[in-house]
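Notes for the one structure printed next.
What you see below is based on every heavy atom in this structure, not just the backbone, and it leaves out hydrogens, waters and symmetry mates. Note that the structure is predicted; figures quoted are calculated from it, not measured.
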Amino acid sequence: MSVTEIPRTQNPFPRTGTTPLPGGGARYDDLPATLIEMLRQRVSETPDAEAVAEIGGGRVTYRELWDRAARVSGGLRAAGVDRGDRVAIRYPAGLDWVLAFFGTLMAGGVAAAVNIRLAPPELAAVLDVTGAVADLAPGTPLPSGDPYVADGLAADDVAAFFYTSGTTSGPKAVPTTHLAFLTNAENLKRSLRVTEDSDTPRTLISVPLFHVTGCNSQLLAALHAGGSAVIMPHLDVAGLITAITAERVNWITSVPAIYSLLFRHRDFAAADTSGVRWVGYGGAPIAPSLVAAVQGAFPAAQVKNGYGMTETASLLTVLPHEDAVDHADSVGYAVPSVDLGVLPSGDDPRVGELVARGPNVTAGYWGRPEETEAAFTDGWLRTGDVVRVDDAGRVHLIDRAKDIINRGGENVSSVEVEAALLAAPGVEDAAVIAVPDEVMGEKVGAVLVGGDGLDVDAVIAWCRDRLADYKVPQYATVTGEPLPRNAGGKLLKARLRQTVRWGPPLRR
């Protein structure tokens, strides 16, 4: 099956200052060779500027970040960490995590960003696969020794392992190179349209640093742009509102559900948001009404949707501000470094599985050759997401390939139904999954989050006015508990399938 490449003719993110790569995508011409060289450059240019601030914890300038990370590096070397060795980082989000990350790189090691929420058996499996020679576990002090900075590191050297979210299977280790990290950071800088005349980015990180959004597209992107990273160790909506003003935050990124909580909080109406210049969201469908609410809440900001994967060091696409409301169902255009294409699933060459290639795309999974082979087709990474591409080249997610519901031969996009449900009055969050059926094969089931007064019949009537009959949920259950999501905000539908107990159908 041949790939239909998505043209860039109307793409608003130009490839200026790049060189095409033989294997696809484009490489930025003026990137530092490694993350260490990037940090060294920042220290040279703005040594006394604040680099990282942990809310309720420590703060460091660029010079202090360099010096303290170099001592962590020396401590790791003294403990036996050598070039290419993996170091598991299991600290909570904060300054120590950042020092451990850069200290590992300075030692020539590979930072393994382990999910601190794993259960003991899951953690043991991850550490075994990773082959970590050092484990920086919660409660253990940072290593310390004589300052050490490895030389001879190259752009194509692996800098870190991040782990897939496990929405469809167990987590897999994704080796990420210095080049991939820096390419993603430059993609972010360009998609935010950060220039010498714009404000210096100061981002508020409220998601875990073991996830590519928090680390790659906020922490490292902010440092690459000469800005600052403000880290919340634990998400707290009231604290987030306070931090926007107290920390002079001008860049916020989160998932749609958090913005909904933010706007309903009693303290938000009085918050001064005039200094916020960039607002990003992603990881889940968003209703046009919520996008409009985001724009109203942050009147001086550009708002942007984004889509990416652990395997692509984060971003693949960005929806620019000018398209945010009118095309809220789109995740946008390809970022400059990547080529995107479609593996058609039918007669329309613009509908099918999204594929990608470029310098920020991983070469494969650590220690899993069969899964690596299955993940690539003719050099293209298969994302597992089914998409539709419009005439302008914007990408619209239809569903995960494994989450499409086949109702009597009709394919139903759970994402499309979720978008309709999220716009319904009283619905705070929603997930749509298949309900096994002996006759139809599968039927549409909805898990709704709402208050005690949520009127399910009214929600279904809302959907009936907006969706084809076969897409309207035939089963629904209401919960007051948050839906299970991974660190990036993606629904863990495999868990829902195991735990949800359906009542009688709403209709036949």
Side-chain angles (χ1 to χ4, degrees), residues 49-61 92-95 97-98 188-189 191-194 198-209 211 213-284 286-287 289-306 318-319 321 324-325 428 482 487-489:
E50 187 171 75
V52 179
E54 178 185 335
I55 295 177
R59 296 168 182 265
V60 291
T61 64
L95 179 57
W97 195 100
V98 179
L188 218 303
K189 181 178 176 180
S191 67
L192 294 180
R193 296 167 180 164
V194 175
S198 63
D199 292 348
T200 301
R202 187 171 176 85
T203 190
L204 179 61
I205 303 174
S206 59
V207 297
L209 289 172
H211 188 267
T213 298
C215 179
N216 304 12
S217 287
Q218 288 193 267
L219 170 66
L220 298 180
L223 299 183
H224 172 66
S228 308
V230 179
I231 302 171
M232 292 189 73
H234 306 284
L235 177 63
D236 168 32
V237 176
L240 192 154
I241 294 169
T242 300
I244 291 172
T245 302
E247 293 290 345
R248 309 180 314 283
V249 168
N250 59 18
W251 170 14
I252 301 171
T253 293
S254 196
V255 296
I258 297 302
Y259 289 114
S260 294
L261 291 173
L262 192 67
F263 300 156
R264 291 199 302 271
H265 195 280
R266 63 181 181 275
D267 296 338
F268 186 76
D272 180 6
T273 62
S274 61
V276 178
R277 297 289 178 264
W278 302 281
V279 176
Y281 49 88
I286 188 166
S289 58
L290 183 54
V291 178
V294 170
Q295 289 187 334
F298 302 99
Q302 296 182 47
V303 301
K304 300 172 184 291
N305 196 358
V318 170
L319 183 73
H321 176 81
V325 173
E428 298 172 9

Quick check: closest heavy atoms across [X] and [Y], and the distance to 0.1 Å?
| X | Y | value |
| --- | --- | --- |
| G214 | I205 | O-CD1, 3.7 Å |
| A93 | M232 | CB-O, 4.3 Å |
| I286 | P256 | CB-CG, 3.9 Å |
| L204 | Q218 | O-NE2, 3.0 Å |
| V249 | A243 | CG2-O, 3.6 Å |
| G282 | N305 | CA-OD1, 3.6 Å |

Side-chain heavy-atom pair [X], [Y] within 4.5 angstrom cut-off:
| X | Y | value |
| --- | --- | --- |
| F268 | V237 | no |
| Q295 | V325 | yes |
| V194 | P201 | yes |
| I231 | L95 | no |
| R202 | V230 | yes |

Looking at [atom1] of [X] and [atom2] of [Y], how far apart are the two atoms once the value is rounded to the nearest 0.5 Å?
| X | Y | atom1 | atom2 | answer |
| --- | --- | --- | --- | --- |
| L240 | S254 | CG | OG | 7.0 Å |
| I252 | T273 | CD1 | OG1 | 8.0 Å |
| K304 | S191 | NZ | OG | 6.0 Å |
| H321 | R193 | NE2 | CZ | 9.0 Å |

> Hey, mind stepping through W278 and T253 against side-chain contact (heavy atoms from CB on, under 4.5 Å) and telling me if it holds?
Replying inline: CA-CA 8 Å; W278 302 281; T253 293; over 6 Å; no
>> Between L219 and W97, does the side-chain contact (heavy atoms from CB on, under 4.5 Å) criterion hold? Intermediate values first, please.
In response: CA-CA 11 Å; L219 170 66; W97 195 100; 4.3 Å; yes
> Passes side-chain contact (heavy atoms from CB on, under 4.5 Å), D199 versus W251? Steps please.
Replying inline: CA-CA 10 Å; D199 292 348; W251 170 14; over 6 Å; no
>> For R264, I'd like to know if atom CZ has over 12 heavy atoms of other residues, nucleotides or ligands within 6.0 Å.
In response: yes
> Should the heavy atoms of other residues, nucleotides or ligands under 6.0 Å from NE2 of H234 be counted, would the total exceed 12?
Replying inline: no
>> Under a 3.5 Å cutoff, is there a donor and acceptor pairing between the side chains of S228 and E50?
In response: no
>> Between T245 (side chain only) and I241 (backbone N and O only), is there a donor and an acceptor less than 3.5 Å apart?
In response: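 No, because the side chain of T245 does not come within donor-acceptor range (under 3.5 Å) of the backbone of I241.
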>> Could you walk me through whether H224 and L188 satisfy the side-chain contact (heavy atoms from CB on, under 4.5 Å) test, starting with their C-alpha distance in whole Å, then the side-chain angles of each, then the deciding distance to 0.1 Å, before giving a yes or no?
In response: CA-CA 10 Å; H224 172 66; L188 218 303; over 6 Å; no
> Does any pair with a residue in residues 252-262 pass salt bridge (Lys or Arg N to Asp or Glu O under 4.0 Å), and if so which ones, sequence neighbours excluded?
Replying inline: none
